[in-house]
Structure formats: C-alpha cells, structure tokens
Q: 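The structure follows.
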Amino acid sequence: MSDALPGEAVDAVVIGGGAAGLNGALMLARSRRSVVVIDSGSPRNAPAEAVHGLIVLDGTPPAEILRQGREQVRRYGGRVVCGEVTAAEPAAPSADGDLRFTTTLADGRSVTARRVLVATGLHDVLPEVPGLAGHWGHGVVHCPYCHGWEVRDEPIGILAAGPASIGQAFLFRQLTDDLTYFTQGIDLDEDPRPLRRPQHPHRRHPGAGGR
Ligand SMILES: Cc1cc2nc3c(=O)[nH]c(=O)nc-3n(C[C@H](O)[C@H](O)[C@H](O)COP(=O)(O)OP(=O)(O)OC[C@H]3O[C@@H](n4cnc5c(N)ncnc54)[C@H](O)[C@@H]3O)c2cc1C
C-alpha cells in the first residue's frame with residue numbers, strides 16, 4: 001500500500017523506510033510534524049528469515065517489523081509512499097527565509113519539504129566467491145549477534161576480508177568448536193593465535209529457539 005504524495009509542503013520528507021527511516025518518521029509524526037516517508041522497498045536485511053537480538057521482536061521476519069512500523073507511522077498521520085528518490089535539492093526558501101527542499105521520485109513526482117532526513121541504509125558488497133551471493137542471509141552470515149545462535153555448533157568458516165576479520169573468528173569461536181579461518185592471504189599477527197574457545201559452563205541453553 002502506498003499513500004498519496006501531498007500537494008502542499010510538508011515539515012519533513014524521510015528518504016528510506018527501513019527501521020531507521022520509520023523510527024525517525026514515527027518520532028516526527030508524534031511531534032506533530034507532517035511527514036512523508038518515501039521508500040523503494042529494499043531493506044538491507046531482506047534476505048534474512050527473521051530479525052534477532054531485538055527484544056520483544058526477536059524472531060520476527062524483517063518485512064513484518066517494517067509492516068508494523070509503517071502502520072505506526074500512519075497512526076500518527078504520517079504518510080508512507082512507495083517510490084525511489086532520485087534527487088533532493090534546495091528549493092527557494094519560504095517568504096520568512098525558512099529552508100525548502102524539493103525531493104523528486106524516479107517516476108517524476110515531487111514533494112516539497114522544510115527538512116529532509118536521509119535514511120537510505122547501506123548496500124552490502126559481497127566477496128566475489130562463486131555461489132556465495134545466493135546464500136547471503138542464510139548459510140552466509142555476517143553478524144554473530146544477528147545469526148550466531150542459528151549456526152551454533154555447526155562447522156563455520158570465516159572468510160577474511162582484512163586484518164580486522166580476526167575479530168569475527170573470536171566472536172564465532174564462542175558458538176562452535178569447528179571453526180576454520182580462511183586468511184585469503186591476509187597475515188595474522190602473532191597475538192590472535194591460538195583461537196582457544198573460552199570455557200563457558202552454561203554456554204548451551206536448550207530450547208531457546210531453533211536453527
Ligand atoms: C542479512 C542481514 C541480516 C541482518 N539481521 C539483523 C538482525 O537479526 N538484527 C539486527 O539488529 N540487525 C540485523 N541486520 C542489520 C540491519 O539489517 C540493519 O541494521 C538495518 O536494516 C538498518 O536499517 P536502515 O533503516 O538504516 O537501513 P535499511 O533497512 O537498509 O533501509 C533502507 C531503506 O531505504 C530505501 N532506500 C534506499 N535508497 C532509496 C532511495 N533513493 N529512495 C527511496 N528509498 C530508498 C531502501 O529500499 C530501504 O528500504 C542484518 C543485516 C543483514 C544484511
């Protein structure tokens with residue numbers, strides 16, 4: 001569902017309707033600002049089955065969280081418009097000198113706002129390993145906090161992308177005994193070796209979610 005773009009100037013246009021944009025819009029709308037969120041519908045975590053590590057909503061599909069977020073923004077009078085923003089430019093200020101911006105969509109529509117909040121997220125650039133992209137968000141994961149529990153006790157390979165990748169090895173090491181670090185030619189300092197697993201007597205908690 002897409003709301004209509006307002007014909008008159010609004011207080012704020014939010015570019016991007018992911019978690020950040022919707023939360024910003026929610027606060028603006030609750031502060032009685034007229035707000036329009038424009039979203040092209042490609043949140044970063046779209047490939048994931050569920051969001052984890054977010055209290056109350058742990059295990060909820062990303063699309064469901066955003067659906068509820070859009071509903072909450074609309075509850076306070078905010079609008080959520082489907083579309084891609086191609087330009088956001090300064091426009092002529094109001095008679096009393098207040099700033100104005102014109103935001104233009106790919107389909108040629110535009111809206112004028114007093115302020116613009118950019119919440120377009122980021123785009124993951126995946127390593128060029130054949131077949132890897134197809135498993136992104138499932139068998140190929142980037143974050144031990146988001147997906148670590150789901151891959152616990154499985155064989156895990158860490159693909160080094162730089163010297164700091166060793167940190168991933170330490171984090172995922174807490175989740176499995178079977179970890180391989182693919183250095184990809186990036187040298188390890190002496191310090192990080194060996195990757196001994198810390199002893200956590202209460203590490204395994206049965207029944208707290210599936211894989
Ligand atoms: C596979 C994966 C799983 C993840 N799992 C978790 C997890 O379990 N727990 C957790 O806390 N975090 C998780 N994350 C991180 C989480 O996805 C991000 O922190 C979160 O999505 C950031 O929200 P955001 O609103 O900044 O960006 P996004 O969610 O990426 O939203 C940005 C939005 O802006 C829109 N947009 C971009 N450009 C334009 C434009 N020009 N015009 C209009 N709209 C535009 C996009 O379509 C998108 O809808 C995961 C990330 C990935 C990659």
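Just so you know, ligand 1 is whichever comes first in the structure, and atom 1 is the first atom listed for that ligand.
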Q: Please identify each residue that fulfils side chain to side chain donor-acceptor pair (under 3.5 Å) with Arg75, with sequence neighbours left out.
A: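 Testing Arg75 for side chain to side chain donor-acceptor pair (under 3.5 Å), a comparison that skips the adjacent residues, returns none.
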Q: Using ring pair (Phe, Tyr, Trp, His ring centres under 6.0 Å) as the criterion, list what pairs up with His135, not counting sequence neighbours.
A: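 Listed in chain order: nothing, the list is empty.
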Q: Can you name the residues that form a side-chain contact (heavy atoms from CB on, under 4.5 Å) with Ser40, not counting sequence neighbours?
A: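 For Ser40 the side-chain contact (heavy atoms from CB on, under 4.5 Å) partners, ignoring immediate neighbours, are Glu84.
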Q: In a check of side chain to side chain contact (heavy atoms under 4.5 Å, CB included) between His147 and each of His142, Arg152, Glu49, which one passes?
A: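 So the option named by the test is His142.
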Q: Out of curiosity, Gln72 CD to Leu26 CG, how far, rounded to the nearest 0.5 Å?
A: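 Going from the CD atom of Gln72 to the CG atom of Leu26 covers 6.0 Å.
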Q: What residues come within 4.0 Å of ligand 1, counting heavy atoms only?
A: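 Lining ligand 1 at under 4.0 Å, by heavy atoms, one finds Ile15, Gly16, Gly17, Gly18, Ala19, Ala20, Ile38, Asp39, Ser40, Gly41, Ser42, Pro43, Arg44, Asn45, Ala48, Val51, His52, Gly83, Glu84, Val85, Ala119, Thr120, Gly121, Asp124, Trp136, Gly137, His142, Cys146, His147.
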Q: Can you list the steps and then say if Thr176 with Asp178 is a side chain to side chain donor-acceptor pair (under 3.5 Å)?
A: CA-CA 5 Å; Thr176 185; Asp178 187 349; 5.9 Å; no
